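As a basis for the values below, the full set of heavy atoms in this structure was taken, side chains included, without hydrogen atoms, waters or symmetry mates. What you see is a predicted model, and the numbers here were worked out from it, not measured in a lab. We name chains A, B, ... by the order of the sequence lines, and we start the count at 1 in each one.
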Amino acid sequence: MLLPYDYTKIGKNSYEFTTSRGIKYRTVFIEYGYLFYDYAEIQDKIYTFNIEVIEDENATSSLDERVGMTIAYIFSKFFENDENAVIYICDNLDERQWARKRKFDYWYWKYSNDTLIKEDGYAIIEGVEIISSIILRKDNPNFNNILFAFAEINRNTDNK
Amino acid sequence: MEKKTPFPKSYTSKGAHILKKMLEDKQLVTQFIREGKDLDELKDRINFATPI
């Protein structure tokens with residue numbers, strides 16, 4: 001039976017895990033409640049999530065299912081606080097944002113449960129495509145406010 | 001410590017400001033990690049959190 005990889009906390013800013021093939025991943029949460037000052041009820045509970053490969057001895061892409069399981073496990077710990085919400089932004093520097101979205105959607109589809117909900121966002125800002133998703137618990141006490149805020153920040157952009 | 005960013009006049013909406021800030025921070029974090037730099041160097045600019 002496959003299990004998630006063990007992860008360790010690195011300083012005050014991230015977590016790290018290493019796969020059985022020696023690929024090191026760093027995961028980072030960034031808190032953005034301060035940007036949502038128009039939505040007082042949800043401040044301090046809005047985060048983004050990053051995952052980066054920091055060391056890949058084999059220099060090949062990995063289809064290791066345990067990576068997704070590990071991310072899911074990290075999220076399960078994150079959502080132990082029912083007030084937390086996480087936004088995943090698909091990086092677009094290398095124009096692979098849609099591939100990242102597909103991977104993130106796959107992980108969500110495969111490992112989420114009925115306690116969570118995911119909403120997708122899409123915006124074009126100064127000609128730049130920004131693809132995002134927000135995940136939160138269905139019993140989040142600020143459920144409606146959070147989804148409203150997320151929809152609003154995606155709606156109120158240049159091209160809309 | 002709050003790191004409130006003044007609303008920039010160049011953006012046409014708060015939504016654009018929020019999303020662009022998130023994307024720029026993400027890209028900066030990616031760059032630092034790939035270059036082996038210490039993320040602590042960004043702590044005055046980015047609110048890192050360890051919520052688990």
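Looking at F78(A), the atoms closer than 4.5 Å to chain B (heavy atoms on both sides) sit in the backbone and in the side chain alike. Interface remark: Y88(A) contributes side-chain atoms only to the contact with chain B (heavy atom separation under 4.5 Å). Of the two parts of I130(A), only the side chain, counted from C-beta on, holds a non-hydrogen atom closer than 4.5 Å to a non-hydrogen atom of chain B. Proximity to chain B (any heavy atom under 4.5 Å) is shown, for N81(A), by neither the backbone nor the side chain. Only the side chain of Y15(A) has a heavy atom closer than 4.5 Å to any heavy atom of chain B.
Connection of I74(A) to Y106(A) is established within a shared hydrophobic cluster, with ILVMFWY side chains joined at heavy-atom distances below 4.5 Å, either directly or through further cluster members. V128(A) and V29(B) end up in the same hydrophobic cluster when Ile, Leu, Val, Met, Phe, Trp and Tyr side chains are linked at under 4.5 Å. When the side chains of ILVMFWY residues are joined at heavy-atom separations under 4.5 Å, either directly or via intervening members, I46(A) and I117(A) end up in a single hydrophobic cluster. The same ILVMFWY cluster, assembled from side-chain heavy atoms under 4.5 Å apart, contains both I54(A) and I46(B). Neither L93(A) nor L42(B) shares a network with the other; the hydrophobic side chains, linked directly or stepwise wherever heavy atoms of I, L, V, M, F, W or Y lie under 4.5 Å apart, form separate groups for each.
Atoms CG and CZ, on N47(B) and F29(A) in that order, are 14.5 Å from each other to the nearest 0.5 Å. To the nearest 0.5 Å, atoms CG (N154(A)) and CD1 (I18(B)) are separated by 10.0 Å. The structure places CD1 of I89(A) at 12.5 Å from NZ of K21(B), a figure rounded to the nearest 0.5 Å. Summarising the geometry, atom CD1 belonging to I125(A) is positioned 8.5 Å from atom CG belonging to L23(B); distances are rounded to the nearest 0.5 Å. Taken to the nearest 0.5 Å, the CD atom of E41(B) stands 11.0 Å off from the CG atom of N13(A). N50(A) CG to Q27(B) CD: the interatomic distance, rounded to the nearest 0.5 Å, is 10.0 Å.
Listed options Y32(A), F36(A), F79(A) were ranked by heavy-atom pairs under 4.5 angstrom with chain B; first place goes to Y32(A).
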List the steps, then state whether side-chain contact (heavy atoms from CB on, under 4.5 Å) holds for V28(A) with K26(B). CA-CA 9 Å; V28(A) 177; K26(B) 179 185 179 72; over 6 Å; no

Go through the steps for K43(B) and K12(A) under the test side-chain contact (heavy atoms from CB on, under 4.5 Å), then give the verdict. CA-CA 10 Å; K43(B) 65 181 180 181; K12(A) 296 180 181 178; over 6 Å; no

Determine whether L35(A) and H17(B) satisfy the following criterion, side-chain contact (heavy atoms from CB on, under 4.5 Å), listing intermediate values before the conclusion. CA-CA 9 Å; L35(A) 289 178; H17(B) 167 61; 3.7 Å; yes

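Looking at heavy atoms from C-beta onward, M22(B) lies in side-chain contact with I87(A) at the 4.5 angstrom threshold.
Taking E52(A) as the reference, R34(B) meet the salt bridge (Lys or Arg N to Asp or Glu O under 4.0 Å) condition, with sequence neighbours excluded. Residues passing the ring-ring contact (aromatic ring centres under 6.0 Å, His included) test with F17(A) are Y25(A), sequence neighbours excluded.
When all heavy atoms of T50(B) and S14(A) are compared, the closest pair comes out as CG2-N, 4.0 Å. The two residues K77(A) and I52(B) come nearest to each other via the heavy atoms C-CG2, 3.6 Å.
Identified under the side chain to side chain donor-acceptor pair (under 3.5 Å) test for residues 110-119 of chain A, with sequence neighbours left out: E65(A)-Y111(A), D105(A)-K118(A), N113(A)-T115(A), K118(A)-D120(A).
The interface of residues 3-11 of chain A with chain B, defined by heavy-atom distances below 4.5 Å, comprises Y7(A), K9(A).
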